[in-house]
Every structure is written in C-alpha cells, then in structure tokens.
Amino acid sequence: MEPRIARRINRRLPAFCLLATAAFASLATPPEPPVPMAVPAPVLQLSGDDFPVLIVHQPVRDEDGIPLPLACDQIRGKRIDELDPLWKQAIERIHVDCDDLKREAAGFDMVATVATGFLKPGMAEFAGIPVAEVRLMDSEKWGDYEYILDRPYAEIREVLERFVESHCRTPQDNREVLARDTCRLTETVEGMYLEADSLGGIWMHPQQDDPRRTVYAEVWAD
C-alpha cells in the first residue's frame, strides 16, 4: 500500500471508532421511560348541606370518670390528615375560635365555635363558582354554615337563584333545611333568602367586610 493512502486511512480510523462506540452505546442503553403526567386533584362540586367537620372534641373526665361539661379547652381544629379524603386535598389550613359563654350572656353555660377552612385556589366550586373558604359557626342556640364564594354578589346572584331553586325541587336525602312546599327565593335588601321553617333557611348576600365575595349560608337559630 502506498504511504499516502495508508496515512489517510490511519487519520480516519479514530473518528470511525468514536462513531461506532457511540452507536453501540446508544443501542446498549435502553431509553428512559417517560415521566408520568401528574393527575390533578378532582375539584369538589359542592351543593349545600355537605360541609366538612373541622373540629375535634376531646372529652375531659373528672376523677370519677364522669365527662365534664363541654368547654373550649376540649376543642381543637382538625389536622389536615384527619379530614375526609376529598376535603384533605382541598383545604390548606384550619382556624378555630372558641368562646365559653356564661349564663349571663347566653342564658346558660355553653360553647360557641367558629371554624374556618381556607381552601386552595381552584379546589372547590359551588354552582360553578369558586369557593375560597368554608366557615362553620356552632353553638347550642344557633348554627351558621357558610361557603365564602370568590365572586361579587351582583355578578352571581342569578346563577345562585337558579341553582338553589333547582336543587330545592330535586328530592334529596338528608336535606331537611330545604324541605318546604315552595322553593322560590325571597328577595331582600340584604340579599336572597329561602325559608325552610320557623328556625331557619338559606341566606345569600355580599360578604360584609369584602364585597368582592359572596356568602352562601345555611342557618338556624333557636
């Protein structure tokens, strides 16, 4: 072989060897599996009367093992991991206020609690409207369960009216608050009201301290 031809072959061999090595390496290494797409958590579609339980009662007993009367030191907010599975995904944090009301203020000794669940954005809807908070006010003389809707009242009033009236006319189990002969809402200066009985019903109105939001409340009072 002529020296010039030999020199050309020798110069090409290293490059060829590198290409061949890379090709064999790519064949020997299996491709990495695709990264699975994260499945978004389902959006809770709320309809009323489906509020979460946000507090835990931890009874205290006397030295004879008899439970002491309910008091604020026996109540705490639930941890997120203690919530029902769907609410566990939707609620970001819980705040609880509690008052030990005495006889002179309430007529008898009792406990009044306000438990608020702050929701993650986009995780719950009522009538297609985003829900920002769930607020539960409880005592032995009144109850007020609220969705705080993240839209102004004037913007969603008609949507709420249609939804509540339609839902009222549809037979539902465990919806005593809506059990009545007529499902037509009453318009008031403050908002809209659906009477269930002499003890309470449903209120919808602008949130007093933030008119950009609307309150849907299922209420009763003794």
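This chain uses plain numbering: 1 for the first residue, then up along the sequence.
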Which side-chain N or O atoms in residues 63-73 pair as donor and acceptor under 3.5 Å with protein atoms at least two apart or in another chain?
none

Ignoring hydrogens, what is the shortest heavy-atom contact between [X] and [Y]? Give both atom names and the distance.
X: Ala115; Y: Ile55; answer: CB-CG2, 3.7 Å
X: Asp50; Y: Trp87; answer: O-CZ2, 3.5 Å
X: Val134; Y: Pro52; answer: CG1-CD, 3.7 Å
X: Ala112; Y: Trp142; answer: CB-CZ2, 3.9 Å
X: Val96; Y: Gly77; answer: CG2-CA, 3.6 Å
X: Gln89; Y: Pro42; answer: OE1-CD, 3.8 Å

For this session: Could you point out which residue of Ile94, Asp84, Ile91 forms a side-chain contact (heavy atoms from CB on, under 4.5 Å) with Lys78?
Result: Ile94

For this session: Using only heavy-atom distances, determine whether the side chains of Gln74 and His57 contain a donor-acceptor pair under 3.5 Å.
Result: yes

Problem set entry | Distance-only donor-acceptor check, side chains Tyr145 and Asp138, under 3.5 Å | yes

Does a salt bridge link [X] with [Y], judged by any charged N lying under 4.0 Å from a carboxylate O?
X: Glu82; Y: Arg76; answer: yes
X: Glu133; Y: Arg213; answer: yes
X: Glu187; Y: Arg157; answer: yes

Exercise. Asp210 and side-chain hydrogen bond (donor to acceptor under 3.5 Å, both in side chains): which partner among Gln207, Gln208, Arg212?
Worked result: Arg212

With a 3.5 Å distance limit and no angle check, can you tell me whether [X] reaches the backbone of [Y] through a side-chain donor-acceptor pair?
X: Glu165; Y: Leu185; value: yes
X: Glu218; Y: Glu146; value: no
X: Ser139; Y: Val111; value: no

Exercise. Parallel, tilted or perpendicular: which fits the ring planes of His167 and Phe163, with parallel below 30° and perpendicular above 60°?
Worked result: parallel

For this session: Kindly assign one of parallel, tilted or perpendicular to the pair Phe51 and Tyr216, based on the angle between their ring planes and the thresholds 30° and 60°.
Result: parallel

